[in-house]
Amino acid sequence: MDSVTQPMLAVNHVKKTYVGKQRSVEAIADLDFRVEPGELVCVVGPSGAGKTTLLRCIAGLLDVTEGDVQLEGETVTGPPRGMAVVFQEYGRSLFPWMTVRQNVELPLKEKKIKGDERKRLVDEALDAVHLSDSHDAYPWQLSGGMQQRVAIARAVAYEPQVLLMDEPFAAVDAQTRADLEDLVRELWIRLGVTVLFVTHDIDEAVYLGQRVLVLSNRPTIVLEDVAIDLPADRDQLGTRALPRFAELRAHVYGRIQEAKRGVR
Ligand code: ADP
C-alpha cells in the first residue's frame, strides 16, 4: 500500500459477538471506517451501541469475531506499542501508591526509554496538562479533573501514534469537562496526534471532532460519518453559539433518535 495514502487506523468490516454459555450477544455487526494521520474523530451512539467494545477491539484488548483492525497497515493482535488509551475511570487507572510523576513515568520505563529522555517526556507532558506543580502529589490528593489530566499526561508522554479516549470526561463536573475538552483540542493541535474519542455526549462530539461517526443501535454499524465543518479555532462560548454548531448538533441528535428507534 502507498504509504502516503495509508490511513493511520483502519477498522475493516469488524464484527464482534460475545459468546457466552447461555447466550451470545452480537455487539458489533459490521463497522468499517478509516482515520487519517492527525485526524480527530469522535464516535457517538446510544448507550449499549458497542462504543466501548469497538474501542477495546481497536486497542487490542478484545479479539474481533470477523474483520480486522490495522494500525499503519499492521494488523492489531494485542495492545500495540503505538496506541495509548484514556479510560473513563481515572480513579482506577492510576496507581494510588505512586506519585503523579511515577504514574506518568511507568509506561515509559516499560517502553525502555532512558532516564534523561524519560524525565524530559514526563516534564513536558505534565506541563502540557498544566500540572507542573503536582509532580510529587499522590492521585488521591487531587480532584477528579486533575486525576484525569494525569491520565492524559501519561498517554501523551508515551508519544502514541493514536490516542484512544473512552468517555474520558463522563465522571467529572461540567466546568471541568469543558476545560478538559479544550485541553484535548490544544494537545491535539500541538502534538499532531491522531485521536479517536468515544462519547455518548452529542455536544461534546460536535465540539471536539473533525468528523463524528454516528453508530446505530446494537448490532452496530456506522449510520453516518458526519463532517464537522466548524472553524478549527474553537472555544466553548463562541463555537457553541454558532448557528452551524446548532445545526450539526440537531442533525446528530436526530440520527441518534433514529438509531434508538432501530433505524439502520
Ligand atoms: P456502549 O459502550 O456503547 O454503551 P458496550 O460496548 O459497552 O456499549 O456494549 C455493547 C453491547 O455488548 C451491550 O449490549 C452489552 O451488554 C454487550 N456486552 C458488553 N460487554 C460484554 C461482555 N463481556 N459479555 C457479553 N456482552 C457484553
Side-chain angles (χ1 to χ4, degrees), residues 9-33 35 40-69 71 76-80 83-93 144 148 151-152 155 162-172 177 180-181 184 195-209 211-226 228 249 251-264:
L9 188 70
V11 174
N12 298 316
H13 294 290
V14 164
K15 177 183 171 90
K16 176 66 189 176
T17 304
Y18 289 103
V19 179
K21 285 210 179 76
Q22 305 296 328
R23 63 183 200 120
S24 294
V25 177
E26 189 185 354
I28 294 174
D30 181 2
L31 283 177
D32 192 68
F33 62 88
V35 180
L40 199 174
V41 176
C42 293
V43 176
V44 283
S47 176
K51 299 185 291 298
T52 295
T53 302
L54 166 67
L55 211 105
R56 294 180 77 85
C57 288
I58 293 175
L61 298 168
L62 204 57
D63 289 336
V64 301
T65 307
E66 280 176 29
D68 67 11
V69 174
L71 174 66
V76 171
T77 52
M83 284 188 205
V85 191
V86 177
F87 295 101
Q88 176 181 336
E89 295 179 25
Y90 49 82
R92 283 207 282 167
S93 77
Q148 195 54 303
I152 294 170
V162 177
L163 180 56
L164 302 172
M165 307 189 89
D166 187 10
E167 308 234 2
F169 310 143
V172 296
R177 184 178 191 135
L180 290 172
E181 287 168 0
V184 166
V195 182
L196 190 69
F197 191 106
V198 167
T199 176
H200 66 268
D201 186 315
I202 298 162
D203 284 61
E204 182 166 78
V206 173
Y207 180 70
L208 284 178
R211 281 159 63 200
V212 172
L213 300 176
V214 184
L215 302 188
S216 72
N217 235 346
R218 186 176 68 78
T220 311
I221 56 166
V222 176
L223 267 188
E224 192 175 337
D225 184 344
V226 183
I228 305 299
R249 184 189 176 282
H251 179 74
V252 173
Y253 182 84
R255 294 310 312 254
I256 294 198
Q257 291 307 109
E258 286 174 17
K260 285 186 187 160
R261 291 198 304 272
V263 172
R264 302 177 69 77

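These values consider heavy atoms only, across backbone and side chains, with no hydrogens, waters or symmetry-generated copies. Everything quoted here is computed from the prediction, not taken from an experiment. Both counts, for ligands and for their atoms, begin at 1 and track the order of listing.
- Contact check on R261 versus E258 returns no salt bridge, with no Lys/Arg side-chain nitrogen under 4.0 Å from an Asp/Glu carboxylate oxygen.
- Within the 4.0 angstrom cut-off, atom 18 (N) of ligand 1 has one or more protein heavy-atom neighbours.
- Using a 4.5 Å cut-off on side-chain heavy atoms (C-beta onward), V184 and F169 make contact.
- A donor-acceptor contact shorter than 3.5 Å is absent between the side chain of D166 and the backbone of Q88.
- Within ligand 1, counting atoms from 1 as listed, the ones closer than 4.0 Å to a heavy atom of A27 are 12 (O).
- Counting only heavy atoms from C-beta outward, the side chains of Q148 and P168 approach each other to under 4.5 Å.
- Regarding atom 7 (O) of ligand 1, its nearest protein heavy-atom neighbour is T52 CB, 3.8 Å.
- The closest approach between A49 and ligand 1 falls below 4.0 Å for a heavy atom of the residue.
- Among protein heavy atoms, the minimum distance from atom 11 (C) of ligand 1 is reached at R218 CD, 3.6 Å.
- Of all protein heavy atoms, the one closest to atom 8 (O) of ligand 1 is G50 N, 3.0 Å.
- Protein heavy atom closest to atom 6 (O) of ligand 1, with residue, atom name and distance, is T53 OG1, 2.5 Å.
- One finds the NE2 atom of H13 at 11.0 Å from the CD atom of E66 (value rounded to the nearest 0.5 Å).
- In this structure, atom 26 (N) of ligand 1 lies nearest to the protein heavy atom Y18 CD1, 3.4 Å.
- The closest donor-acceptor contact from the side chain of T220 to the backbone of A27 lies under 3.5 Å.
- Protein heavy atom at the shortest distance from atom 10 (C) of ligand 1 is G48 O, 3.4 Å.
- Screening K51, E204, E181, E167 against T199 for a side chain to side chain donor-acceptor pair (under 3.5 Å) leaves a single residue, E204.
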